[in-house]
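Before any comments, here is the structure.
Reckoned from all heavy atoms, side chains included, excluding hydrogens, waters and symmetry mates. Protein chains get the first letters and strands the later ones, always in sequence-line order, with residue 1 at the start of each.
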2 protein chains.
Amino acid sequence: MKLAEAKQQFVASWGAFGTHWGINRTMAQIHALLLVSPKPLCAEDIMEQLNISRGNANMNIRELIDWALVERVIISGERKEFFTAEKDIWKVVRQIVRERKKRELDPMLKLLGNLSEVEGDKRDKEVKTFTDAINNIKRVGEQADRTLETLIKADENWFLGSLMKIFKTG
Amino acid sequence: MKLAEAKQQFVASWGAFGTHWGINRTMAQIHALLLVSPKPLCAEDIMEQLNISRGNANMNIRELIDWALVERVIISGERKEFFTAEKDIWKVVRQIVRERKKRELDPMLKLLGNLSEVEGDKRDKEVKTFTDAINNIKRVGEQADRTLETLIKADENWFLGSLMKIFKTG
DNA sequence: TTAAATTTTCAGAATAATTTGAAAGTTTGT
DNA sequence: ACAAACTTTCAAATTATTCTGAAAATTTAA
């Protein structure tokens, strides 16, 4: 397979992959494009390669910067901004986990905390089923929270090395 | 907080939560509703409680059954179908992980395998950056694959107990 | 076999998400 | 201060997704 074709397929697939995870297609495609670009790209480059408008490019680049997956690069002698993506995928994964945990898991756990305090007789089956369900979810959610917290702090060698062995023999 | 209010808030939040994960709102809400219902519900119950049409209810219930998160229940003396959700959240998590791994991670790893065989001179910076990116993603993806595979097979006690200690001292 | 009960389907309607493009805003060099 | 280069914004257009509701299909009881 030729490089150009492979790149194109990667960008398209990464975009499709993103949509399954609540990330919009273009944002994922821009990220993919930057991941496989040796040099930083400017807005025009991205607009051209993905066939998108200036506004769209701008908004999604902004969003990627907000997620700390992309950063601005100053190139001396150039007036416009260039962008580059973090190439260490392990860092990327940790960054995404960190952000999504903060934006989604943490608020959910907070809510579950409130909901577990529902009033009513525990011998009432309706009440019991509800509090049981909430407490169950809370318990698993809190464990996920701790696990992800550790994952965020872990370095890749530890993850790829020790964890694998532990899982195998655990 | 009263039970009815708490239920409503849970169903709504679970629905919103789902949308961040590529799951449609109604599907997540039906799941939430069944999670906190002591008795199986029929299509009518679900339509009523969520204010949705018969077609919508039917399609999303089907989808939940397809994901093996909900199952049909026969109630003797009743002609219509009833539905119930798996209440053990750990099982639910494993089931979702299993399905998403099969539907998303496995195909992605297959694609990365193909893409890593791109032709061209490795001293060409364009080629090198591409293959490096692909191989990096593949490596992390394969580790995630093994980890999730183990998680799918693990039982909850192991997850809540051993893993936590391992993570803490790892 | 018949018909009532129930489920399924799917074209069209409604809603939501994304994208465009041009105008407004900002920055930079002179 | 000026204007060219560049970035940002956002109303309107487009596209994608979800939902409805009524008709068709299926199942069940007698």
With the side chain counted from C-beta on, respond yes when [X] and [Y] share a heavy-atom pair under 4.5 Å apart, and no when they do not.
| X | Y | result |
| --- | --- | --- |
| A:Lys91 | A:Gln95 | no |
| B:Lys101 | B:Asp106 | yes |
| A:Lys87 | B:Asn136 | no |

DNA chain C-proximal residues of residues 66-86 of chain A, any heavy atom under 4.0 Å: A:Arg79
Nucleic acid contacts of residues 29-47 of chain B, taken as heavy-atom distances under 4.0 Å to DNA chain D: none
Give the table of side-chain donor-acceptor pairs shorter than 3.5 Å for residues 9-17 of chain B, with sequence neighbours excluded, one pair per line with atom names and distance.
{"residue": "B:Ser13", "atom": "OG", "partner": "B:Gln9", "partner atom": "O", "Å": "2.8"}

Residues A:Glu71, A:Thr84; criterion side-chain contact (heavy atoms from CB on, under 4.5 Å); working and verdict: CA-CA 6 Å; A:Glu71 60 181 26; A:Thr84 191; 4.0 Å; yes
Salt-bridge contact A:Glu149-A:Arg146 (side-chain N to carboxylate O under 4.0 Å):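 Judged by the 4.0 Å cut-off on N to carboxylate O distance, A:Glu149 and A:Arg146 do not form a salt bridge.
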Spacing of A:Ile89 atom CD1 and B:Gln143 atom CD [to the nearest 0.5 Å]: 15.0 Å
Distance in angstrom units between A:Asn58 CG and C:dA24 P, rounded: 17 Å
Integer-rounded Å distance: C:dT18 P and A:Leu50 CG: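 Answer to the nearest Å: 16 Å.
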Return all side-chain donor-acceptor pairs below 3.5 angstrom for residues 124-135 of chain A, not counting sequence neighbours, or 'none' if the list is empty.
{"residue": "A:Asp124", "atom": "OD1", "partner": "A:Glu126", "partner atom": "N", "Å": "2.8"}
{"residue": "A:Glu126", "atom": "OE1", "partner": "B:Lys7", "partner atom": "NZ", "Å": "2.8"}
{"residue": "A:Lys128", "atom": "NZ", "partner": "A:Asp132", "partner atom": "OD2", "Å": "2.7"}
{"residue": "A:Thr129", "atom": "OG1", "partner": "A:Lys125", "partner atom": "O", "Å": "2.8"}
{"residue": "A:Thr131", "atom": "OG1", "partner": "A:Val127", "partner atom": "O", "Å": "3.1"}
{"residue": "A:Thr131", "atom": "OG1", "partner": "A:Lys128", "partner atom": "O", "Å": "3.2"}
{"residue": "A:Asn135", "atom": "ND2", "partner": "A:Thr131", "partner atom": "O", "Å": "3.1"}

Could you list, one pair per line, each protein nitrogen or oxygen that sits under 3.5 Å from a nitrogen or oxygen of nucleotides 15-22 of chain D, together with the distance?
{"residue": "D:dC19", "atom": "OP1", "partner": "B:Thr26", "partner atom": "OG1", "Å": "2.5"}
{"residue": "D:dC19", "atom": "OP2", "partner": "B:Thr26", "partner atom": "OG1", "Å": "3.2"}
{"residue": "D:dC19", "atom": "OP2", "partner": "B:Asn56", "partner atom": "OD1", "Å": "3.2"}
{"residue": "D:dC19", "atom": "O5'", "partner": "B:Asn56", "partner atom": "ND2", "Å": "3.3"}
{"residue": "D:dT20", "atom": "OP2", "partner": "B:Ser53", "partner atom": "N", "Å": "2.7"}
{"residue": "D:dT20", "atom": "OP2", "partner": "B:Ser53", "partner atom": "OG", "Å": "3.0"}
{"residue": "D:dT20", "atom": "OP2", "partner": "B:Asn56", "partner atom": "ND2", "Å": "3.2"}

cation_pi(A:Arg139, B:Trp90) dist<6.0 Å, angle<=45: no
Counting only pairs under 3.5 Å, give me each side-chain donor-acceptor contact of residues 26-51 of chain A, with atom names and distances, residues two or more places apart or in other chains.
{"residue": "A:Ser37", "atom": "OG", "partner": "A:Leu33", "partner atom": "O", "Å": "2.8"}
{"residue": "A:Glu44", "atom": "OE2", "partner": "A:Arg54", "partner atom": "NH2", "Å": "2.8"}
{"residue": "A:Asp45", "atom": "OD2", "partner": "A:Cys42", "partner atom": "N", "Å": "2.9"}

